[in-house]
Amino acid sequence: MRPKIYSTRKKYAEAREQFRQALALKPETPEITRRIIACDSLLAPQGMVYIPAGEFMMGDDSSSEGDEQPAHPVHVNAFYLDQYEVTVAHFRKFVEAKNYKTDAEKGDGSYMWEGTEWKKRAGINWRHDAEGNAAQDNHPVIHVSWNDAKAYAVWAKKRLPTEAEWEYAARSGSKNYKYSWGNSGPSGKNGGNIADEILKQRFSDMTIWEGYNDGYVFTAPVGSFNPNTFGLYDMTGNVWELCEDWYDAEYYKKRIKDNPKGPSTGEYRLLRGGSWIYFPFDLRCAVRIRYGPAIRDYNVGFRCAQDAF
């Protein structure tokens, strides 16, 4: 039985329950779980992937970064997540619809690495790529702040993912992968756009993943590498992704198990996933980077989430 697809969450819930009853199976059986997941996947909004509820170990006790500890079990409710990072083309639709001005446009540009330090370049904004040239539509939008990403998400009737949701999705749920592609090093398309041999040719002083060449110095078109088990692209590399939570270095010590959403206030927001200019240690799914809400630079972007029901 294939359920009809409804636009409202109320009818979605009704369809889901009708589907459950039609199967005439007990809710706790593996078969009903499999079929309910299949049902929810069919009802996913366009361009989004259904991430089933589950539990995983959040954090990394082996890391030298104290804010990743202690590793602790976390349960995440089912949700939807954008299959790809938000692209320049998608962001343009938002800007044109809302006549929106980004923080970079209202301020004095965006940060770029100048060889020895980060410098803000005037006139650089979401319309530009990592070199300051015209951005390509199928690349992830960059030079946007957390404020800009939040405004886009509200316009799209979505939200930014919590860092727990993000890490759970990146690790392929209970598989607890170290990187979104798995636990081993990257290989060909089973990898991502990260600091690699081709980047070293352009930035000779960069630390890279030795022996790996992803083919891109700067950002890559979204979906250029294989997806993870959930069907999500670029969860490791390409651009850092902004999350909803405020940052707190001590937050994991609270060991909040059910759908942690971070502290209620703070100074910084969170980045996850690494980027085209980052090396192995910072590409782990567990890495947490703090980021000012109005800051923008050439290796940060985002994707959106939505409640499943």
Side-chain angles (χ1 to χ4, degrees), residues 47 81-92 94 102-104 110-113 118 121 124-150 152-153 158 160-161 163 166-167 169-170 179-181 186 191-196 198-199 202-203 206 208-209 214-228 232-244 269-280 282-285 287-305:
L81 190 62
D82 284 347
Q83 189 169 26
Y84 303 100
E85 293 159 336
V86 172
T87 65
V88 173
H90 287 130
F91 198 78
R92 179 181 292 108
F94 157 64
T102 62
D103 281 334
S110 180
Y111 284 97
M112 301 174 74
W113 182 252
W118 289 93
R121 285 182 55 181
I124 298 297
N125 55 59
W126 69 270
R127 294 179 174 86
H128 299 89
D129 65 12
E131 295 181 277
N133 301 316
Q136 299 180 59
D137 279 359
N138 62 345
H139 282 238
V141 67
I142 54 177
H143 304 299
V144 291
S145 68
W146 184 93
N147 297 327
D148 301 328
K150 181 70 172 181
Y152 173 95
K158 299 178 182 180
L160 297 178
E163 66 164 336
W166 191 96
E167 185 173 333
Y179 312 102
S180 65
W181 61 71
N193 182 19
I194 61 178
D196 65 335
I198 196 170
L199 182 75
R202 182 67 177 266
F203 300 101
M206 288 291 179
I208 65 168
W209 200 308
D214 59 43
Y216 300 94
V217 176
F218 301 102
T219 62
V222 298
S224 294
F225 301 86
N226 295 338
N228 74 353
L232 299 166
Y233 291 85
D234 301 311
M235 292 296 283
T236 299
N238 217 13
V239 292
W240 285 100
E241 298 184 10
L242 291 154
C243 292
E244 177 68 26
R269 299 289 183 170
L270 275 149
L271 292 177
R272 290 304 200 107
S275 78
W276 56 268
I277 201 171
Y278 276 78
F279 48 89
D282 285 330
L283 297 171
R284 295 171 298 112
C285 294
V287 170
R288 311 170 72 214
I289 299 294
R290 64 184 186 180
Y291 198 71
I295 299 297
R296 54 274 179 187
D297 68 50
Y298 70 171
N299 77 143
V300 172
F302 67 102
R303 75 178 73 216
C304 296

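Bear in mind the structure is a predicted one, so any value in this text is a computation, not a measurement. Residue numbers run from 1 in the order of the sequence given.
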>> Under 3.5 Å, is there a donor on one side chain and an acceptor on the other for Ser180 and Asn228?
In response: no
Separation between [atom1] of [X] and [atom2] of [Y], rounded to the nearest 0.5 Å:
X      : Y      : atom1 : atom2 : result
Thr219 : Glu131 : OG1   : CD    : 9.0 Å
Trp276 : Asp196 : CH2   : CG    : 11.0 Å
Ile289 : Glu163 : CD1   : CD    : 11.0 Å
Asn299 : Ser110 : CG    : OG    : 9.5 Å
Arg303 : Leu81  : CZ    : CG    : 5.5 Å

> For Tyr291, does the OH atom have more than 12 heavy-atom neighbours from other residues, nucleotides or ligands under 6.0 Å away?
Replying inline: yes
> Are more than 12 heavy atoms from other residues, nucleotides or ligands located less than 6.0 Å from atom NE2 of His128?
Replying inline: yes
Considering only heavy atoms from C-beta outward, does the side chain of [X] approach that of [Y] to under 4.5 Å?
X      : Y      : result
His139 : Glu85  : no
Phe302 : Leu271 : no
Asn226 : Trp181 : no
Arg127 : Phe91  : no
Val287 : Leu283 : no
Lys158 : Asp82  : yes
Ile208 : Phe279 : no
Phe225 : Thr236 : no

>> If you apply the rule side-chain hydrogen bond (donor to acceptor under 3.5 Å, both in side chains), what do you find for Gln136 with Asp129, and how did you get there?
In response: CA-CA 7 Å; Gln136 299 180 59; Asp129 65 12; 5.5 Å; no
Closest contact, heavy atoms only, [X] versus [Y]:
X      : Y      : value
Ser224 : Tyr216 : OG-OH, 3.6 Å
Pro161 : Leu242 : CD-O, 4.1 Å
Phe218 : Ala130 : CD2-CB, 3.6 Å
Ala220 : Pro140 : O-CD, 3.3 Å
Asp137 : Thr87  : O-CB, 3.3 Å

> Passes side chain to side chain contact (heavy atoms under 4.5 Å, CB included), Ile124 versus Met112? Steps please.
Replying inline: CA-CA 9 Å; Ile124 298 297; Met112 301 174 74; 4.2 Å; yes
> What do the steps show when you test Val217 against Ile198 for side chain to side chain contact (heavy atoms under 4.5 Å, CB included), and what is the final call?
Replying inline: CA-CA 6 Å; Val217 176; Ile198 196 170; 3.9 Å; yes
> Which word best sums up how the rings of Tyr233 and Tyr84 line up, parallel for under 30°, tilted for 30 to 60°, or perpendicular for over 60°?
Replying inline: parallel
>> side chain to side chain contact (heavy atoms under 4.5 Å, CB included) for Ile277 and Tyr298? Distances and angles first, verdict last.
In response: CA-CA 10 Å; Ile277 201 171; Tyr298 70 171; 3.5 Å; yes
>> Looking only at the aromatic ring of each residue, does the gap between the centers of Tyr111 and Trp118 stay below 6.0 angstrom?
In response: no
> Is the distance between the ring centroids of Trp209 and Tyr278 under 6.0 Å?
Replying inline: no
>> For Glu241, is there an ion pair with Arg272 - N to carboxylate O distance below 4.0 angstrom?
In response: no
> Is any NZ, NE, NH1 or NH2 atom of the basic residue among Glu167 and Arg284 found under 4.0 Å from an Asp or Glu carboxylate oxygen of the other?
Replying inline: no
Is there a donor-acceptor pair closer than 3.5 Å between any side-chain N or O of [X] and the backbone N or O of [Y]?
X      : Y      : result
Asn238 : Ser275 : no
Asp234 : Val222 : no
Asp214 : Ile194 : yes
Arg269 : Glu244 : yes

>> With ring-ring contact (aromatic ring centres under 6.0 Å, His included) as the test, pick out the partner of Tyr152 among Phe94, Trp146, Trp126.
In response: Phe94
> What's the verdict on side chain to side chain contact (heavy atoms under 4.5 Å, CB included) for Asp103 and Asp148, showing C-alpha distance, side-chain angles and the deciding distance?
Replying inline: CA-CA 7 Å; Asp103 281 334; Asp148 301 328; 4.1 Å; yes
